[in-house]
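Structure record follows, encoded as structure tokens.
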Amino acid sequence: MAKRGFPPSKADPLAARFARAIPQAMKKTTGTDRSITSKWRPATQAVRGGTWRSEHGETSEALFLTSGYTYDNAQTVADRFAGEAEGMTYSRLQNPTVAMLEERIALMEGAEACRAQASGMAAMTTALLCQLSAGDHVVGARAAFGSCRWLLDHLLPRFGIETTVVDSADDEAWEAAIRPNTKVFFFETPANPTLDVVDLAHVCAVAKAHGITTVVDNAFATSALQRPMDFGADVVAYSATKLMDGQGRVLAGAVCASQEWIDEVLLPFQRNTGPNIAPFNAWVVLKGLETLSLRAMKQSENAVALGKAIEGRVPKMLHPGLASHPRHELATRQMTATGPIFAFDVGDRETAFRVLDALELVDISNNIGDARSLMCHPASTTHAGMTQEARDEMGVTEGLLRINVGLEDAEDVKEDLDRALGAAGL
Ligand SMILES: *Cc1c(COP(=O)(O)O)cnc(C)c1O
């Protein structure tokens with residue numbers, strides 16, 4: 001792990017001790033002993049990893065809706081605050097339900113540690129701000145979720161952090177953008193909504209050679225389809241609202257990294273700024289993870305079938321699972337399946353709206369990762385907040401539609417889209 005991006009390293013040693021207390025407190029129970037759980041295969045970790053059972057031996061993970069904790073005596077709490085005794089102290093620092101989610105996500109990701117966040121954007125903001133200071137420089141992929149671009153284009157510069165965006169598919173561009181003060185590479189792959197695919201091994205190697213920390217937004221894939229750390233990524237950040245919940249219920253996020261980075265870099269920021277997830281939302285995501293791989297694989301299969309069916313009908317198709325995608329070979333190499341989301345261009349906004357308005361089964365919705373098929377027009381929704389120039393640069397055209405393919409019978413979704421395209425004259 002590169003040291004270069006770190007703020008003063010022992011900024012909050014107390015926070016680091018709190019973090020370590022969580023797995024230790026649960027060690028004697030099921031699913032949190034790494035010497036056992038790390039031997040499990042991913043499907044087993046998704047169902048059982050991180051499970052901590054109370055003295056009641058409940059089958060399903062318990063929901064601990066509590067903000068604080070009580071103590072038998074004053075010395076106990078003093079010892080916990082001093083980091084000399086195991087145990088919880090306050091839900092901004094530790095919560096048993098949240099800790100179960102964090103341990104499960106870390107195991108599935110192949111990461112040493114994870115901290116859950118209130119939303120995907122809380123996770124991205126935390127992953128960046130916790131390690132950056134005025135005077136630093138960040139290189140980001142130009143194709144990104146609208147709010148991720150907002151962080152690069154508006155938030156970071158307000159705090160004196162310079163940013164450069166590059167065409168993420170241009171392998172040389174990453175190295176060319178590096179300056180002496182570059183601390184972080186930030187990108188998503190596949191990207192929202194243009195499905196740009198970044199060469200993880202290449203970009204992570206360039207970063208490593210320069211002591212730069214890579215932060216990968218893995219929301220479109222999740223560990224079920226792609227594990228960026230296997231290719232050298234330092235930090236993997238999530239919107240768990242998407243595929244991890246998978247049923248459109250809660251906002252959630254997570255940041256995975258080495259134990260050292262989580263303890264020394266992320267935790268002091270999180271502990272003192274509080275972007276924490278609610279225990280209820282963490283519990284919902286825990287249950288979602290049990291079926292993540294099944295859903296992600298089936299939805300990917302449905303998305304490839306649908307993409308193939310309409311490819312000849314639309315002027316432009318952006319789908320990493322199809323041979324027509326410029327990085328199809330790379331995508332299939334670094335992913336186990338290419339995910340439920342793809343985009344296609346129907347020419348102009350009027351035609352795009354006509355397609356959306358003609359849908360009978362697929363919902364008009366800007367969410368993704370859901371078990372329901374959902375479609376949206378990024379230029380007027382997820383990417384409406386950015387400048388026309390930025391939209392043009394990243395290929396979010398007026399005719400672009402993005403679809404999340406769900407778990408419905410693929411034939412029904414195909415028939416619905418077939419009818420909607422016909423109604424729009426395509
Ligand atoms: C949705 C999304 C986010 C933001 O996540 P929220 O949970 O909505 O805050 C970030 N990155 C990507 C790629 C996304 O799709």
Side-chain angles (χ1 to χ4, degrees), residues 101 105 114-129 140-156 165 168 185-198 200 214-226 228 233 235-256 275-278 280-282 284-285 288-289 292 296 299 303 318 320 331 335 338-343 365-370 374-378 381-386 390 394-396 400 402-405:
L101 175 66
I105 292 175
C114 167
R115 291 297 290 206
Q117 319 288 329
S119 68
M121 286 323 300
M124 302 310 150
T125 307
T126 299
L128 293 172
L129 285 185
R142 70 181 184 192
F145 180 61
S147 294
C148 293
R149 268 301 295 260
W150 186 87
L151 297 181
L152 291 173
D153 295 347
H154 300 285
L155 185 75
L156 296 182
V165 291
S168 66
F185 278 1
F186 177 50
F187 61 88
E188 52 197 70
T189 179
N192 188 353
T194 49
L195 285 302
D196 290 25
V197 173
V198 179
L200 280 164
T214 39
V215 178
V216 181
D217 175 346
N218 202 32
F220 262 44
T222 76
S223 61
L225 304 181
Q226 165 178 282
V235 180
V236 180
Y238 276 109
S239 168
T241 313
K242 311 293 171 57
L243 269 167
M244 286 192 188
D245 170 12
Q247 286 144 87
R249 300 166 293 192
V250 297
L251 290 181
V255 182
C256 301
N276 300 55
I277 190 170
F280 178 76
N281 291 1
V284 170
V285 178
L289 290 179
L292 172 64
Q299 288 181 242
L318 306 169
M335 305 178 78
T338 48
I341 304 137
F342 67 88
S365 173
N366 43 290
N367 197 14
I368 52 163
D370 200 296
L374 310 172
M375 205 151 104
C376 82
H377 178 249
T381 58
T382 53
H383 292 68
M386 59 203 314
M394 61 191 272
V396 177
L400 194 72
R402 185 195 71 189
I403 184 164
N404 169 74
V405 183

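We count ligands from 1, going down the list as the structure has it; atoms in each ligand are counted the same way. Position 1 is the first residue of the sequence; numbering continues from there.
Heavy atoms only, all atoms of each residue included: Asn218 and Pro228 are closest at ND2-CD, 3.5 Å. The minimum heavy-atom distance linking Leu400 with Pro193 is given by the pair CD2-CG, 4.0 Å. In terms of heavy atoms, Asp245 sits closest to Thr241 at CB-O, 3.8 Å. Nearest heavy atoms, Arg149 versus Ala141: CD-O, 4.2 Å.
Side-chain atoms of Thr194 and Asp196 include a donor-acceptor pair closer than 3.5 Å.
Just one residue in the list Val235, Val216, Ile105 forms a side-chain contact (heavy atoms from CB on, under 4.5 Å) with Cys256, and that residue is Ile105.
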For ligand 1, output the ligand-protein N/O contacts shorter than 3.5 angstrom; if there are none, return none.
residue: ligand 1; atom: 5 (O); partner: Ser239; partner atom: OG; Å: 3.0
residue: ligand 1; atom: 7 (O); partner: Gly120; partner atom: N; Å: 2.8
residue: ligand 1; atom: 7 (O); partner: Ser239; partner atom: OG; Å: 2.8
residue: ligand 1; atom: 7 (O); partner: Thr241; partner atom: OG1; Å: 2.6
residue: ligand 1; atom: 9 (O); partner: Gly120; partner atom: N; Å: 3.1
residue: ligand 1; atom: 9 (O); partner: Met121; partner atom: N; Å: 2.9
residue: ligand 1; atom: 11 (N); partner: Asp217; partner atom: OD2; Å: 2.6
residue: ligand 1; atom: 15 (O); partner: Asn192; partner atom: ND2; Å: 3.1
residue: ligand 1; atom: 15 (O); partner: Lys242; partner atom: NZ; Å: 2.8

